[in-house]
Amino acid sequence: MYGLWRPRVLGAWRVPASGPVIMAVNHSHNIDGPMLMGTAPRPVHFLIKKEAFTGPLDPFLRGIGQLKVDRTTADRTAVTDALGVLAGGGVLGIFPEGTRGEGDFASLRAGLAYFALRAGAPIVPVAVLGSTGRGGRLVRALPPLRSKVDVVFGEAFDAGDGSGRRTRGALDEATVRIQRRLTAHLESARRLTGR
């Protein structure tokens with residue numbers, strides 16, 4: 001990432017140095033995940049759609065610890081693998097909106113709340129800014145080479161209400177709390193970076 005673009009990393013010290021952590025990242029461009037993996041202070045394991053695991057990308061993605069998920073069904077293997085990362089004290093990266101979009105955390109899925117409540121892992125909000133806009137001259141689908149991309153880490157927080165409940169209602173309430181925190185972090189990151 002540092003060879004192709006000019007990432008500016010802000011707040012990386014906010015990521016807990018050890019123990020399970022979930023990084024909740026906005027997703028508006030293909031490079032958001034790789035940018036976070038290349039700039040985060042700890043190795044990040046993402047749930048990545050199974051369609052990406054083809055050809056030479058398959059052994060590469062597996063080799064760097066990424067997790068394959070089938071988005072067309074309730075993929076129990078992917079859920080078990082993700083919980084295993086957290087149980088082992090690792091970092092799980094999640095795009096809470098489920099797919100690439102505006103990257104504004106407007107519509108969150110319940111998966112982030114489920115993993116946070118089930119594993120008891122804190123969530124670190126992450127805003128990747130500057131990856132969208134004009135395309136590069138060589139590859140239109142990517143930001144221009146050597147352009148600046150900001151990666152802003154927020155304060156870690158717990159998704160639960162302290163009761164330890166993991167019911168459907170608790171998941172829904174946690175999702176609302178998470179969405180508020182992620183949206184506030186994104187607004188703060190935009191003010192901080194001027195984007």
Side-chain angles (χ1 to χ4, degrees), residues 1-2 4-16 19-49 52 61 64-69 71 78-79 81-83 85-86 90-117 119 121-133 141-143 147-159 174-175 177-193 195:
M1 294 295 110
Y2 285 95
L4 298 174
W5 294 281
R6 293 182 308 149
R8 179 172 58 165
V9 180
L10 304 169
W13 55 271
R14 293 181 172 129
V15 177
V21 174
I22 299 172
M23 290 190 185
V25 191
N26 66 321
H27 193 25
S28 56
H29 198 282
N30 284 333
I31 71 159
D32 295 340
M35 185 61 69
L36 176 62
M37 288 188 290
T39 60
R42 294 177 60 188
V44 183
H45 305 269
F46 270 97
L47 286 166
I48 298 175
K49 62 183 178 182
L61 290 173
I64 61 171
Q66 303 314 302
L67 310 171
K68 183 191 306 188
V69 63
R71 298 182 306 168
V79 170
D81 291 346
L83 289 171
V85 165
L86 295 170
V91 179
L92 181 65
I94 294 182
F95 297 117
E97 295 171 289
T99 187
R100 192 172 57 247
E102 294 299 313
D104 57 3
F105 299 121
S107 60
L108 265 58
R109 296 187 177 195
L112 174 56
Y114 172 80
F115 287 121
L117 295 180
I123 297 170
V124 173
V126 183
V128 178
L129 303 170
S131 59
T132 59
L142 296 174
S147 61
K148 194 184 305 182
V149 177
D150 294 318
V151 182
V152 185
F153 295 89
E155 292 286 343
F157 67 93
D158 290 319
T175 299
R177 277 192 298 279
I178 291 167
Q179 186 171 27
R180 271 191 238 128
R181 292 290 295 263
L182 297 181
T183 301
H185 171 67
L186 184 61
E187 290 169 1
S188 172
R190 285 183 173 149
R191 281 192 306 274
L192 179 67
T193 61
R195 290 186 186 265

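For the atom pair Leu117 CG and Ile178 CD1, the distance stands at 6.5 Å (nearest 0.5 Å). Put simply, CG on Leu186 and CZ on Arg191 are 10.0 Å apart, with the number rounded to the nearest 0.5 Å. Distance check: Glu187 CD to Leu182 CG gives 11.5 Å after rounding to the nearest 0.5 Å. The distance from the NE2 atom of His45 to the CG atom of Asp81 is 11.0 Å, given to the nearest 0.5 Å. Taken from CD1 in Ile31 to CG in Leu36, the straight-line distance is 11.5 Å, to the nearest 0.5 Å.
Between Val128 and Asn26, some side-chain heavy-atom pair lies under the 4.5 Å cut-off. Inter-residue side-chain proximity for Arg181 and Pro125 is flagged as unmet; no heavy-atom pair is nearer than 4.5 Å.
For Val15, the side-chain contact (heavy atoms from CB on, under 4.5 Å) criterion is met by Met23, Pro41, Arg42, Val124, Phe153, not counting sequence neighbours. Qualifying side-chain contact (heavy atoms from CB on, under 4.5 Å) partners for Ala82, counting only residues two or more places apart in sequence or in other chains: Leu47, Leu67, Leu92, Phe115. With sequence neighbours excluded, the residues satisfying ring pair (Phe, Tyr, Trp, His ring centres under 6.0 Å) with Phe46 are Phe95. Remark: Pro43 engages no residue in a side-chain contact (heavy atoms from CB on, under 4.5 Å) (not counting sequence neighbours).
The two atoms that bring Pro122 and Ala156 nearest to each other are CB-CB, 4.2 Å, heavy atoms only. When all heavy atoms of Val69 and Ala78 are compared, the pair lying nearest together is CG2-CB, 3.7 Å.
For residues 149-159, every residue pair satisfying the side-chain hydrogen bond (donor to acceptor under 3.5 Å, both in side chains) rule, not counting sequence neighbours, is listed here: Arg8-Asp150, Arg14-Glu155, Asp150-Arg195.
For the side-chain contact (heavy atoms from CB on, under 4.5 Å) criterion with Pro96, the lone passing option out of Leu112, Thr175, Ile123 is Leu112.
Looking only at distances, a side-chain donor or acceptor of His185 sits under 3.5 Å from a matching main-chain atom of Val152.
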